[in-house]
Structure formats: structure tokens, C-alpha cells
Amino acid sequence: MNLGIVGGGIVGLAVARQAALTHGATVTVLEKEDRVGVHQTGHNSGVVHAGIYYRPGSLKARLCREGVALLREYCAEHDLPYAEVGKLVVASTAAERPALREIAERARANGVPGIAELDALALRDVEPHVVGTGAVHSPRTAIADFPAVARRLAEDVREGGGSVLLSHPVRSVRESAGGVRVVAGKRVLTFDRLIVCAGLGTDAVARMAGKPGDVRIVPFRGEYYALAGKAKDLVRGLVYPVPDPRYPFLGVHLTRRIDGEVLVGPNAVMALALEGYTWRDLAPAELARILAWPGTRRLAARHWRTGVREVAGSIAPGSFLRAARRYVPALTGGDLVRTAGGVRAQAVDARGGMLDDFAIDVHGRVVLVRNAPSPAATSSLAIARHIVGLTSISTS
């Protein structure tokens, strides 16, 4: 089996490793950037999710729990940073307590270890500077260095006889009875099968392959601040709000990173380009295509009030401080400094619904990962097993 992988993020590299090292495929990873893990892999908070929120029985829930175990083992094997710092999901009002109980029930149904429901006093034992009416504690939730994991996966691919071709943007895809012909950079390559793990570039590659599908990627920028100086000591691990069930985003939270930094964020504003990391990043052609999708317009019509609040919060930095002070009231304006954000590739259907679960389509010789948002990095090794199992790689 001669296998092509589009996308050198953590998911694409995990798929390549799985196919090469466990099924003997000859693999070639095509990455448009000059290094691996540049976009979603390299622009996240580094949280290894335990599987607290996801609907029991969903692909997300199953692959997250499998992925945690695989990732922990992989990091230990390769001496990569991995630390179980624990997570609190905090109810700031009594009205949020029923939703908090539901989160605890979901977590237990998903097999998340050590889940505990804490009252206002008990949560202070875990996070002394955090306030709330109650919390769900997940002591095994961890943090890792996902870019480092991606780099190690790339080495595994090379050591297994595969190739990771950097600075090779895909320009053309044509499927035939004999294989999939791909033009990438200045090369023309032919594969028995092509697996597209392109994240923000998924729609472009799908169009090239003649498989646009019934969802489109809408980019949502997540902006972050970091705690400065001694304010970092106010948070030991991960402090999250009770999420709004209408959205796949978890809300502004406080996240200790593997490098010792503590992030505050993210929000969720629609970006003006697929790689729109700031308000200055505008790509008119990409934005026109995004807005032309009926689902984008229906999403905006349905949730415009929330969108306005998110944009206002992006422009007014004080909104991040107010959100953080709901849980850590000792924070002051001088404790937050702006830092780099990321862009989430969120699949939206034609009715304006945001896909919550992972979505993977098999079309003949082309496999498209349509939706792989958080916890995709956590789940990457399990997603790789799942994708290889969906295809004929293991039997060819």
C-alpha cells in the first residue's frame, strides 16, 4: 500500500505512523509549511482532555479515552513532557449546579477516573484561590507539549521508511481506477489511497478531489492572555467554567501549560481568513467563500447576539479579566498580558449547525477528516487507529 497523507499536524502524522509502523504501508506526508505542527497543533493550550464533556457513546468520547491512554504511554516511551495537573469545572452560581452534575455523570459514563463533585469549600483544597458554588474535579486531566509530540511522530514516520515532505502544498488531486494522482509543490505523486488531515485547508483539498461534501470549515479564532509574574501562582492546574451546551467551545478558562505559563482564554470569534490569527489577517477570497456557504449565514442569523459579544470582548481586553475574576477574584488588570492565539477549524453544515463529533468520510480512494476539533490532539493516536481501521490499509 502506497499511502499519501495531506497535513503534517498531529493527526496526519499519527495516521502516517500508524499505517507505516503497524501495517507496513509506504507513507508520504505532504505538508505545505516548512515544519510540522504549525497550525492547530502548535496553537493550542496543550490540555490532554480526559473525556469529561463528550456525549457517552460518541466517537469523541471513545477516541478521547483511548487517546489519553495511548498518548500517556507514547510520551513516557519517548521522554516527552506530560503532567497530570488536574482540572476543575467550576459552577460560579447555583443555577449552574444542575449542568455541573450532568458533566459529572457524563464523565463517569465515559470512564474518566477519579471524578469527584466538590462543594464550595472542598474546591478550595484543590485550587486555593478559586471561588465557586461547586465544582467537578478531574485529577487525571493532563497537559503535554503537542508540537513536540508531532515532531516525534514525524521522526517515527521517517524511521519507518516513510517521507515527510515539507513546503509541499497540494495543488491538484485526481482520483482514477488506478490510484490518486497528486501534484504537491513541484512533484507529481501517485498513491493507492489519500487521507486528508488538512484542518483549516480541508475544504480546498476536498474541492480538488471533487468531494466538497455537505459541511464546510468555518474558522473561529481563539484569543488568549497569559498571567504575568506572581499571578501565575494563583492557579495550580486547569480551571474551566461550566460550558454552554449550545456551542462546542468551552468558554474562557485558566490553563497551566507545560512550560509553566498560565493562559486565560480563549474566546471564539469568526476569523477573516482560514489562517486568521489576528484581525489584520484578511483573505477576501477565502472570506467570500466562507460567507457564501448557507450554513455560515444561518449560523450567524441564529447566534448573532453571541457573536457580537465575542467580537466586543475581543476588542475590549477587560472582558478576559472579568471572565477570569469570576473564578480567581484576586486577579487584577496588570496580571494579564496578550499572547498568541489559535484558529479552530469548525465544520458547519448547510443548516447552520456546528458539528460536535469527529467526522471522517471515506470516498473511494480518498479519506477526508471533515471535523477534528478539540480533543483531536489528545485523541490523535486513537484517531489514527480508527482511520486505518476504516480503510483497506490493514488488508492491502
Side-chain angles (χ1 to χ4, degrees), residues 44-54 60-61 64-76 80-92 96-97 99-146 148-149 224 226-227 230-243 249-266 323-331 374-375 377-379:
N44 64 62
S45 58
V47 175
V48 181
H49 291 278
I52 293 175
Y53 307 102
Y54 316 125
K60 256 190 181 183
C64 182
R65 290 300 308 143
E66 291 178 11
V68 170
L70 292 171
L71 182 66
R72 184 191 309 115
E73 180 181 339
Y74 187 80
C75 288
L80 297 170
Y82 186 99
E84 291 182 347
V85 297
K87 174 194 284 188
L88 282 181
V89 182
V90 180
S92 61
E96 291 180 330
R97 293 298 292 273
L100 196 66
R101 284 193 292 273
E102 183 178 342
I103 288 171
E105 290 168 4
R106 280 193 169 195
R108 294 189 182 107
N110 288 335
V112 179
I115 288 296
E117 295 178 72
L118 308 179
D119 61 20
L121 289 177
L123 72 86
R124 301 293 290 271
D125 292 332
V126 178
E127 289 280 1
H129 300 283
V130 172
V131 300
T133 64
V136 168
H137 184 215
S138 172
R140 300 290 298 276
T141 297
I143 52 178
D145 185 341
F146 289 127
V149 174
Y224 283 97
L227 296 188
K230 293 184 178 180
K232 298 175 188 177
D233 298 333
L234 297 175
V235 178
R236 292 176 171 177
L238 313 173
V239 180
Y240 280 61
V242 177
F249 313 112
L250 296 178
V252 171
H253 44 272
L254 295 100
T255 308
R256 180 164 290 279
R257 287 172 50 91
I258 204 74
D259 60 6
E261 295 296 318
V262 178
L263 300 180
V264 178
R325 280 176 54 83
R326 290 183 68 187
Y327 308 100
V328 186
L331 290 171
S374 178
T378 299
S379 311

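Just so we're clear, the structure is a prediction, and the values are computed from it rather than from any experiment. The first residue in the sequence is number 1, and the count goes up from there. As a basis for the values below, the full set of heavy atoms in this structure was taken, side chains included, without hydrogen atoms, waters or symmetry mates.
Residues Lys87 and Pro139 form no side-chain contact, since every pair of their non-hydrogen atoms from C-beta on lies 4.5 Å or further apart. The shortest side-chain heavy-atom distance between Ile258 and Tyr82 does not fall under the 4.5 Å cut-off. Between Glu117 and Leu100 the shortest side-chain heavy-atom distance does not fall below 4.5 Å. Proximity of Ile115 to Ser138: side-chain heavy atoms (C-beta onward) are separated by under 4.5 Å at one or more points. Counting heavy atoms from C-beta outward, His253 and Pro241 have side chains that approach closer than 4.5 Å. Between Val68 and Thr378, the closest side-chain pair of non-hydrogen atoms falls below 4.5 Å. The closest side-chain heavy-atom distance from Leu331 to Leu227 is below 4.5 Å.
Using a 4.0 Å cut-off between charged side-chain N and carboxylate O, Arg236 and Glu127 make no salt bridge.
The backbone N or O of Val130 sits less than 3.5 Å from a side-chain atom of Arg124, completing a donor-acceptor pair. The closest donor-acceptor contact from the side chain of Arg97 to the backbone of Ala91 lies at 3.5 Å or more, if one exists at all. One N or O on the side chain of Arg256 and one on the backbone of Val235 form a donor-acceptor pair closer than 3.5 Å. Panel note: side chain Asp259, backbone Glu261; a donor-acceptor pair is recorded below 3.5 Å. The backbone N or O of Tyr54 lies less than 3.5 Å from a partner atom in the side chain of Asn110, making a donor-acceptor pair. Arg65 places a side-chain N or O within donor-acceptor distance of the main-chain N or O of Ala50, the cut-off being under 3.5 Å.
Of all the heavy atoms in Val89 and Ile103, the pair that sits closest is CG1-CD1, 4.0 Å. The minimum heavy-atom distance linking Val112 with Ile52 is given by the pair CG2-N, 4.1 Å. Across every non-hydrogen atom of Val242 and Ala99, the tightest pair is CG1-CB, 3.7 Å. Shown here for Leu123 and Ala120, the closest heavy-atom pair between the two residues is CG-O, 3.5 Å. Nearest heavy-atom pair across Ser45 and Tyr224 is CB-OH, 4.0 Å. When all heavy atoms are compared, the tightest approach of Thr133 to Ser92 is CG2-O, 3.8 Å.
Taking the six-membered ring where the residue is Trp, Tyr240 and His49 present perpendicular rings, their angle passing 60° and hence far from 30°.
The structure places OH of Tyr327 at 9.5 Å from CG of Leu254, a figure rounded to the nearest 0.5 Å.
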